[in-house]
Structures are given as C-alpha cells and as structure tokens.
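Bear in mind that the values here come from a model prediction, so they are computed numbers and not experimental data. In this chain, residues are counted from 1 in sequence order.
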Amino acid sequence: MDSIEIMKGVRVSNSRCLILDDGPTVVIGDLHLGYERALESEGMYIPRMNTNSIRDSLNRIIGMYEPKRIVLLGDIKHDFAKAPYECRMEVTKVIKLLTDASEVIVVKGNHDNFLQNILSDMGSELFDLVDIAGIRLEHGHIDSAKRPVVIGHEHPSVRISNAMNGSVKIQCFLHAEDDGIIVIPPFSPLSSGTDLAEEQFMSPACKNADMDKAKVYGVSDIGLIRLGILGELKTTDE
C-alpha cells in the first residue's frame, strides 16, 4: 500500500514522506543534496544524479498529495564546505520548485550551517522547529522534549533476510507510540540508512525512549510493509 495511518491525522507514505491531514502537510527529511560530492571525496564516483532524482520525486509527491504546505525537516544540503556556488544552486532550485507549488517551511538540521544565507536571499526563513496540528516537527539532533514529535536525522533502516539466505537493507519509518516519537527515513535515494537492528540511535529523543517497542514500516518497491516491532527484528537478526 502507498500509505498507512499510524495515528489520527498522521500517515506514513511509501514516497518516504509523512502526511499530516492538516493542510494537508507533507513532511520530508534529510534531502542531503550533493551527497555524490561527499562520496567522491571518499573515492566513490557515481553520476551526479541525486538532486535531479530528488526533484522528480518531489514533483510526484506534489502531484499526488497537493499539499498546502511542505516541511523540510533538516539536512537539506549534505555539505556546504566545497563548491559553494554549486551548493547554492542545488538548494535554490529545489526550494523554488517547492515554493512554486506550496507554502514551504524549512527546519534547520545539523548539516545546514550556511542555509540561512541562501534562504534569506530567497525571502525565506529557517526555523529550529515548528508545531502543526499539535505535533512538534524538528530535525532530531536536538530534543525540544515536546511530544508527540516527528524527527529525521536517524536515517532509519532495517536489514531483512530473504529466501536465498541473503538480506537487503531498506529504509523505514519508526513509530514509538508510547514515547510519542515518529522517525522518518531520509528522502535522498543515495542514503541506504543506519541499520537500527544493529547500531545505536543518534538522536537524544530516541536514546531516552524505549525504541525496541517502536513499530517499523519499511519502504519498498511493492509499497509500505508492516515489519513488526524493532526489538523483535533485533532478536530475529541475532
């Protein structure tokens, strides 16, 4: 299925975004524009297609949900340190695509140290967090302690075994209902994600919550998959 309602007025989508009925509002995390350039510095050379792929995906989401507003939940650009003009152009093109279709709210992530300058030139503002329909939206590297909260930052994924004795890692949403925390996957197609059945959480909110009880929704070519509870996935992998 394309989307699943995980709480009243809140749906997770196989398009790697979260939908709030208020508006509606589309919430997107961790674009990491220019990630190819970072991989090149590590000796991995791939076609510079991430920004174009993201723009195509954003256009599909706009057409599908016709949002009143779009919230970018931090880490818009992967790295501002190199090729500053190219960085500015990547960000500008994506923000303009969105503002031509909807109200856009940009939340600051831990990679967004120079983003305010670009947004100011476009007449836009950078926010530390935003509240919509009683739900706190923030990147996740800092915890405001408000619940319920939707965060990115973690790049969540899980590794799923298949019938051929192999495995595949897929991006996922996490919903820790008791703790009031929803974690959304990165929007960048180049981010395989952090396997949370094996690795530790980075965000303060998740570190202080019982995330083993979180429900896991996997993003796949056949639609969203209900994968069960994170703690049970850990047990299975062991």
Side-chain angles (χ1 to χ4, degrees), residues 1-21 24-32 53-54 57 60-61 64-65 71 73-75 135-140 143 147-238:
M1 61 185 70
D2 180 71
S3 66
I4 297 174
E5 186 174 53
I6 61 173
M7 56 185 288
K8 184 174 177 58
V10 181
R11 289 177 288 154
V12 292
S13 167
N14 199 53
S15 298
R16 302 194 308 279
C17 63
L18 179 136
I19 314 297
L20 303 179
D21 285 352
T25 299
V26 168
V27 184
I28 295 169
D30 297 274
L31 297 181
H32 285 280
S53 176
I54 285 174
S57 296
R60 284 194 295 272
I61 287 173
M64 184 182 304
Y65 296 110
V71 179
L73 210 56
D75 284 2
I135 297 175
R136 172 65 48 88
L137 306 174
E138 58 192 33
H139 179 63
D143 183 14
R147 303 292 185 268
V149 65
V150 177
I151 66 172
H153 188 55
E154 289 286 354
H155 296 203
S157 72
V158 291
R159 191 173 294 278
I160 305 300
S161 299
N162 59 38
M164 302 300 293
N165 295 322
S167 64
V168 60
K169 189 164 69 170
I170 63 174
Q171 296 176 341
C172 62
F173 294 86
L174 301 177
H175 182 205
E177 188 172 2
D178 291 346
D179 289 287
I181 300 171
I182 300 170
V183 187
I184 65 176
F187 199 73
S188 170
L190 295 180
S191 176
S192 60
T194 302
D195 184 354
L196 295 176
E198 298 180 355
E199 301 185 46
Q200 299 297 313
F201 284 93
M202 300 182 297
S203 61
C206 291
K207 285 181 177 180
N208 294 320
D210 187 359
M211 296 302 293
D212 278 353
K213 294 182 180 178
K215 296 176 182 179
V216 183
Y217 302 89
V219 176
S220 79
D221 292 338
I222 60 172
L224 278 179
I225 306 173
R226 299 177 189 265
L227 294 174
I229 305 300
L230 182 60
E232 294 174 358
L233 293 174
K234 290 182 179 181
T235 301
T236 300
D237 289 343
E238 291 172 358

- Return the minimal non-hydrogen interatomic distance between Pro156 and Pro185, and the atom names on each side. CD-CA, 3.9 Å
- Message: With rounding to the nearest 0.5 angstrom, report the CD1 to NZ distance, Ile160 to Lys169.
- Response: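 If we round to the nearest 0.5 Å, Ile160:CD1 and Lys169:NZ are 12.0 Å apart.
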- Query: Which heavy atom of Gly74 sits nearest a heavy atom of His139, and at what distance?
  - Reply: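 That would be CA-ND1, 3.6 Å.
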- Message: I want to check something: taking the side chain as every heavy atom from C-beta on, are Ile182 and Pro148 in contact at a cut-off of under 4.5 Å?
- Response: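 SC-SC contact between Ile182 and Pro148 ruled out.
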- How many angstroms lie between atom NE2 of His153 and atom SG of Cys206, to the nearest 0.5 angstrom?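 One gets 9.5 Å once the value is rounded to the nearest 0.5 Å.
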- Is the shortest heavy-atom distance from the side chain of Arg60 to the side chain of Ser15 under 4.5 Å?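 Heavy-atom side-chain distance check fails, nothing below 4.5 Å.
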- Message: In the structure I gave you, are the side-chain heavy atoms of Met7 and Glu177 within less than 4.5 Å of one another anywhere?
- Response: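 Met7 does not reach Glu177 side chain to side chain.
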- Query: Without hydrogens or angle criteria, can the side chains of Tyr65 and Ser13 be said to hold a donor-acceptor pair below 3.5 Å?
  - Reply: yes
- Task: Over all heavy atoms of both residues, which pair between His32 and Ser188 is shortest? Give the atoms and the distance, please.
- Result: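 That would be CB-CB, 4.4 Å.
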- Any side-chain heavy-atom pair of Leu224 and Phe173 under 4.5 Å: yes
- Kindly determine whether Ile181 and Arg147 satisfy side-chain contact (heavy atoms from CB on, under 4.5 Å), including the steps that lead there. CA-CA 7 Å; Ile181 300 171; Arg147 303 292 185 268; 3.7 Å; yes
- Go through Asp179 and Met211 one step at a time and tell me if the side-chain contact (heavy atoms from CB on, under 4.5 Å) criterion holds. CA-CA 8 Å; Asp179 289 287; Met211 296 302 293; 5.6 Å; no
- State, with a plain yes or no, whether a side-chain heavy atom of Arg159 is found less than 4.5 Å away from one of Leu233.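 A side-chain contact under 4.5 Å is absent here.
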- Message: Tell me which one of Asp30, Leu31, Leu18, Val150 satisfies side-chain contact (heavy atoms from CB on, under 4.5 Å) with Leu73.
- Response: Val150
- Do Asp2 and Met64 touch side chain to side chain, with heavy atoms closer than 4.5 Å? yes
- Task: Over all heavy atoms of both residues, which pair between Pro186 and His155 is shortest? Give the atoms and the distance, please.
- Result: CD-CA, 3.5 Å
- Using a 4.5 Å cut-off on heavy atoms from C-beta on, say whether the side chain of Lys215 contacts that of Ile6. no
- Start with the C-alpha distance between Ile19 and Val26, add both sets of side-chain angles, then the distance that settles side-chain contact (heavy atoms from CB on, under 4.5 Å), and finish with yes or no. CA-CA 5 Å; Ile19 314 297; Val26 168; 3.7 Å; yes
- Least distance between heavy atoms, Ser203 atom then Ile151 atom: OG-CD1, 3.6 Å
- Task: State, to 0.1 Å, how close Tyr217 and Ile4 come at their nearest heavy-atom pair, and which atoms those are.
- Result: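 For Tyr217 versus Ile4, the nearest heavy atoms are CD2-CD1, 3.8 Å.
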- Task: First locate atom CE of Met1, then atom CZ of Arg226, and finally report the distance between them rounded to the nearest 0.5 Å.
- Result: 5.5 Å
- Candidates Val183, Ile184, Val216, Ile225 - the one meeting side-chain contact (heavy atoms from CB on, under 4.5 Å) with Cys172: Val216
- Working to the nearest 0.5 Å, report the span between CD1 of Ile170 and OG of Ser157. 8.5 Å
